[in-house]
Amino acid sequence: MNKRIYLLLLTFALGLEPLGAMHIMEGFIPLKWCIIWYLIALPFVVFSYRFVARQIKATPRMKSSFALAAAYTFILSALKMPSVAGSSSHLTGTTLGTLTIGPMAMPLVGAIVLLFQALLLAHGGISTLGANIFSLSIAGPFVAYALYRLLTSARLPKNLVIFIATFCGSMATYIVTSFQLAVVYPDAVTGVMGAAWKFLGIFAITQVPLSIIEGILTAIVLRLLEKSQAKTATSVKASSTLSSTKSSLRPQFIWLSILAVVCLALPILAGLFDIGSGTDDQAGEMIGRLTPGFNPTPFLESFEPSEFAEPLLFALQVAIGIALFAWGYYQLIYKRHQTKQKEREA
């Protein structure tokens with residue numbers, strides 16, 4: 001029971017962060033399709049909650065792993081970055097949790113992320129929540145996981161495998177979003193596939209350089225976490241003191257701190273400089289061209305921050321995510337060392 005209460009509190013606290021990720025905006029798809037995507041996504045979210053709860057109950061150390069995975073998603077999904085053709089988009093951040101815990105952990109994280117994003121930042125929507133959960137936290141993670149298993153069995157270099165899995169998982173999210181819109185708004189001449197190519201021109205092309213960045217970043221962070229755990233295990237076996245363990249982990253800590261500072265600065269810089277229109281805005285324009293007279297009909301109007309407040313909220317999100325990541329890192333590395341030392345002394 002305590003583990004379940006902890007899980008609920010943790011996911012609620014994470015959800016309080018305003019988030020920006022890839023999404024279909026409120027009112028962009030008809031109610032019928034909203035219901036269909038809810039029916040598809042909801043079972044995944046329920047099974048995801050049960051999966052994470054079982055993992056934490058069976059292995060308490062999974063609390064820190066879940067915190068790290070969720071925090072990573074929240075941090076990266078807040079990073080709006082410029083891309084090709086004068087557009088901008090967000091990273092996804094779902095692959096780290098997919099590879100460390102499993103793809104079934106991500107629908108729960110995605111549901112919390114997208115729900116509060118819709119409520120606090122007017123990104124995405126409540127009616128389109130099912131569609132967005134499917135693209136961000138179901139399609140992307142499962143594609144990444146399948147590729148990771150396949151390429152690992154081929155004995156390719158691990159960093160390369162992580163990069164490819166992350167790249168393809170990020171791209172899969174946007175490809176699925178393109179088809180979700182194309183099914184609803186087919187081209188009058190070329191049908192669904194014709195519309196899909198047009199939406200892919202907005203989402204997929206924009207995401208290519210960002211997926212490359214995310215693939216490199218995820219491989220680096222996973223490598224730093226693996227080195228930290230390996231050095232902790234070595235220190236425990238050698239009966240090293242906690243201070244000597246901290247000293248051996250200093251390079252990993254420095255690199256993670258540098259990455260944290262960069263992530264914290266990016267939302268502020270995005271607010272100060274024009275980095276191009278978002279893919280959601282461009283998608284709305286494309287829908288208007290495919291369906292003349294189209295007018296979004298939001299089912300629920302949510303709070304919309306000002307242009308000045310939005311980058312600050314994203315920066316706050318990153319700061320909270322960094323704090324959560326730091327807590328998970330401490331629990332995973334230093335707390336483990338203390339526990340093992342006490343067991344050894346006993």
Side-chain angles (χ1 to χ4, degrees), residues 4 7-8 11-12 14-15 19-55 70 73 77 92 94 97-98 101-146 169-186 191-193 195-196 199-200 203 279-280 283-284 286-287 290-291 294-302:
R4 291 179 180 273
L7 178 59
L8 286 172
T11 52
F12 179 76
L14 296 175
L19 298 166
M22 51 306 312
H23 44 255
I24 298 175
M25 297 295 287
E26 179 72 31
F28 271 33
I29 57 177
L31 181 60
K32 178 185 76 172
W33 283 101
C34 293
I35 294 173
I36 289 173
W37 287 112
Y38 260 102
L39 293 175
I40 294 173
L42 187 58
F44 283 92
V45 177
V46 173
F47 288 134
S48 178
Y49 172 80
R50 293 179 176 177
F51 170 81
V52 175
R54 286 197 306 269
Q55 292 291 316
T73 302
S77 66
T92 66
T94 57
T98 297
I101 304 176
M104 276 308 301
M106 302 318 295
L108 174 63
V109 173
I112 300 298
V113 166
L114 292 165
L115 176 62
F116 283 88
Q117 171 188 344
L119 293 175
L120 297 181
L121 269 184
H123 282 259
I126 298 300
S127 66
T128 58
L129 185 63
N132 292 327
I133 289 173
F134 185 84
S135 62
L136 173 65
S137 55
I138 297 173
F142 277 90
V143 167
Y145 185 74
S170 176
M171 292 298 298
T173 292
Y174 280 94
I175 291 171
V176 168
T177 299
S178 298
F179 277 94
Q180 285 175 321
L181 291 173
V183 169
V184 180
Y185 302 106
V192 172
M193 286 305 301
F199 285 116
L200 286 168
F203 290 107
T279 50
D280 51 347
M286 179 59 68
I287 293 173
L290 291 170
T291 310
F294 167 77
N295 186 31
T297 53
F299 296 97
L300 177 67
E301 294 288 350
S302 59

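Keep in mind that the numbers below use all heavy atoms, side chains included, and drop hydrogens, waters and symmetry copies.
For the pair Val143/Met171, no side-chain contact is recorded, criterion being any heavy-atom separation below 4.5 Å from C-beta on. A 4.5 Å side-chain heavy-atom check between Phe28 and Val184 finds every atom pair outside the cut-off.
Of the possible donor and acceptor atoms, none in the side chain of Thr98 sits under 3.5 Å from a partner among the backbone N and O of Pro103.
In this structure, Ala196 and Ser178 approach most closely via the heavy-atom pair O-CB, 4.3 Å. Across all non-hydrogen atoms, the minimal contact from Ala139 to Val176 is CB-CG2, 3.6 Å. Closest approach of Gly169 and Ala144 over heavy atoms only: CA-CB, 4.1 Å. Closest approach of Thr128 to Ile24, counting heavy atoms only: OG1-O, 2.7 Å. Residue Leu181 comes nearest to Ile287 through the heavy atom pair CD2-CD1, 4.2 Å, listed as atom of the first residue, atom of the second, then distance.
The CD1 atom of Ile29 sits 7.0 Å away from atom CD of Gln180, with the distance rounded to the nearest 0.5 Å. Considering CD1 of Ile112 and OG of Ser137, their distance stands at 10.5 Å, rounded to 0.5 Å. Atom-to-atom distance recorded for Phe199:CZ and Thr177:OG1 is 11.0 Å, nearest 0.5 angstrom. In this structure, the separation between CD1 on Ile138 and OG1 on Thr173 is 10.5 Å, given to the nearest 0.5 Å. With rounding to the nearest 0.5 angstrom, the OH atom of Tyr174 is 13.0 Å from the CG atom of Leu200. Distance check: Ile133 CD1 to Met106 CE gives 12.5 Å after rounding to the nearest 0.5 Å.
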Ignoring hydrogens and angles, write down the donor-acceptor pairs under 3.5 Å from the side chains of residues 30-48, residues two or more places apart or on other chains.
{"unit_1": "Tyr38", "atom_1": "OH", "unit_2": "Ile126", "atom_2": "O", "d": "2.5"}
{"unit_1": "Ser48", "atom_1": "OG", "unit_2": "Met104", "atom_2": "O", "d": "2.5"}
{"unit_1": "Ser48", "atom_1": "OG", "unit_2": "Ala105", "atom_2": "O", "d": "3.4"}
{"unit_1": "Ser48", "atom_1": "OG", "unit_2": "Leu108", "atom_2": "N", "d": "3.0"}

